[in-house]
Amino acid sequence: MGTKRHMADHVRDAIAELNAEGRVVDLFSGMGSVAESLQETASVVTNDAMSFTAALSRARFTGSDRSTTSAEVIERLLPGYEARLRELESTYAIELKSEAAALNGSRTDLLDYMDKAQHVGNSAAHRRSAKVAAESSGSDHYELASLYFSAGYLSLRQAIELDATRAAIDTDSHLEDRDWMLAAWIAGASVLINAPGHTAQYLRPNSNSAHTRIVRTWSRSIWDEFSSALDTVSQVGSEAWRQRNSVYVGDALDLVSAGELRDIGTVYADPPYTKDQYSRYYHVYETLYRYDFPDSSGVGRNRSDRFTTGFSLKTAVVSSFHDLCRNVSRMRVPLVISYPSSGLLGEAGITVSEIALQYFEKVKTQSYEANHSTMGASTGASKKSATENLYVCLV
Ligand SMILES: C[S@@+](CC[C@H](N)C(=O)[O-])C[C@H]1O[C@@H](n2cnc3c(N)ncnc32)[C@H](O)[C@@H]1O
């Protein structure tokens, strides 16, 4: 997600130098690399517009020390998982057979199978089933991944496993483990998702190597990945640190204008810097996490009610930076901004410092060479080298 792991230590050091009392708000926290780097430095408030990131943040940055092991969670969930798995295997018996044949066949067989696949975006019958599942309060509710993302982002078998795992998680009574289990469920799916790092579109077997890779990936088990992810989604920092942290989901500009944040020492902002709306690139994880049976369209099988931000719009990026700087300066705390020289704001012919100086006394700029993910949107290499700047804005 344009993760700034390589910048996280610089950000931590810049924040530590400010010596500000109070928590650090990470307004665009994504995968939380900055929050993680602050575990020895300050308590954190994370925020992101995508709710699936919040499940990961809650699992890692909040909560008491876990009293359960991964093996105990697996043992607890297994009966519910197997029960729903059997039901879905029977519902999709014919389709599962076709999928197995396509996977054992040629590249063209698999291409044909994927191209003809029915899902909510192209089939009225699937839309009707989605409506029934959305309204069901029993185990029938657990069919979203199969109806929306199978034979594309995942194999049908994997989608069924994903739905069955979710059924087991949602019916588990240990609510204290819920964020951990959901974060592992998302993380496990992300390992096997048939897409290039982001999920704007899935990959098709257009070459022999792509065919081999899809056949190999689709033979792997979601349940196994979920089990391993329970171990990898570990809690960060001490219990005392986690207990002072908070996790928000929403528009960063709403959060800083609402005036509800308490005990804040510094605000950190790492806003989007390209015209690509994150919600288009990560919609599969968002829909899986929300499990809310939205509409779906296009080759990407995307929901239409995606979050959009002015930071990714040429016509709104300047006013978004003004809103950010104005609202944080009113909180009377320093604002640290990460933004590359090549960011969208530059296209509007203005710099972050020029805007920040209208609201803050002083702006110090530090620059670093970095590799940026282009999210595969542009042609050419998926990473390009860029100058990443840190703007430390002082009240
Ligand atoms: C450049 S990435 C931040 C990456 C993060 N620092 C990390 O290390 O993972 C921008 C993030 O902002 C989120 N986002 C975009 N617009 C937003 C907005 N207006 N309010 C809150 N979050 C937003 C995106 O979902 C994405 O996770």
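Both ligands and their constituent atoms are indexed starting at 1 by order of listing. Fair warning: this is a prediction, and the values are worked out from it, not measured in the lab. Scope of the values below: all heavy atoms of this structure, side chains included, with no hydrogens, waters or symmetry mates. Numbers for residues simply follow the sequence, beginning at 1.
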Which bit of [X] is near ligand 1, meaning a heavy atom under 4.0 Å away: side chain, backbone, both or neither?
X	result
F28	both
F307	side chain
S29	backbone
D251	both
D26	neither

Salt bridge flag under 4.0 Å for residues [X] and [Y]:
X	Y	result
E89	R86	no
D170	R166	yes
K131	E135	yes
R60	D179	no
R178	D172	no
R127	D295	no

Which of the atoms in ligand 1, numbered in the order shown and given with their element, are less than 4.0 Å from a heavy-atom of [X]?
X	result
M31	7 (C), 9 (O)
G250	20 (N), 21 (C)
P272	15 (C), 16 (N)
M50	25 (O)
D270	1 (C), 2 (S), 3 (C), 4 (C), 5 (C), 6 (N), 10 (C)
G30	9 (O), 27 (O)
N47	21 (C)
T309	16 (N), 19 (N)

Taking both backbone and side-chain atoms of [X], is any N or O found less than 3.5 Å from an N or O belonging to ligand 1?
X	value
A49	yes
S33	yes
A252	yes

Distance-only donor-acceptor check, side chains [X] and [Y], under 3.5 Å:
X	Y	answer
S129	E143	no
R12	T41	no
Y291	D163	yes

Handout entry: Aromatic ring pairing Y153/F149, orientation class (parallel under 30°, perpendicular over 60°, tilted between)
Key =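 Answer is perpendicular, since the angle exceeds 60°.
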Problem - Parallel, tilted or perpendicular: ring planes of F52 versus Y285, cut at 30 and 60 degrees - result: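 Tilted, since the angle between the ring planes falls between 30° and 60°.
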Handout entry: Nearest neighbour of atom 24 (C) of ligand 1 from the list L27, D48, V34, on a heavy-atom basis
Key =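 Nearest option to atom 24 (C) of ligand 1, by heavy atoms: D48.
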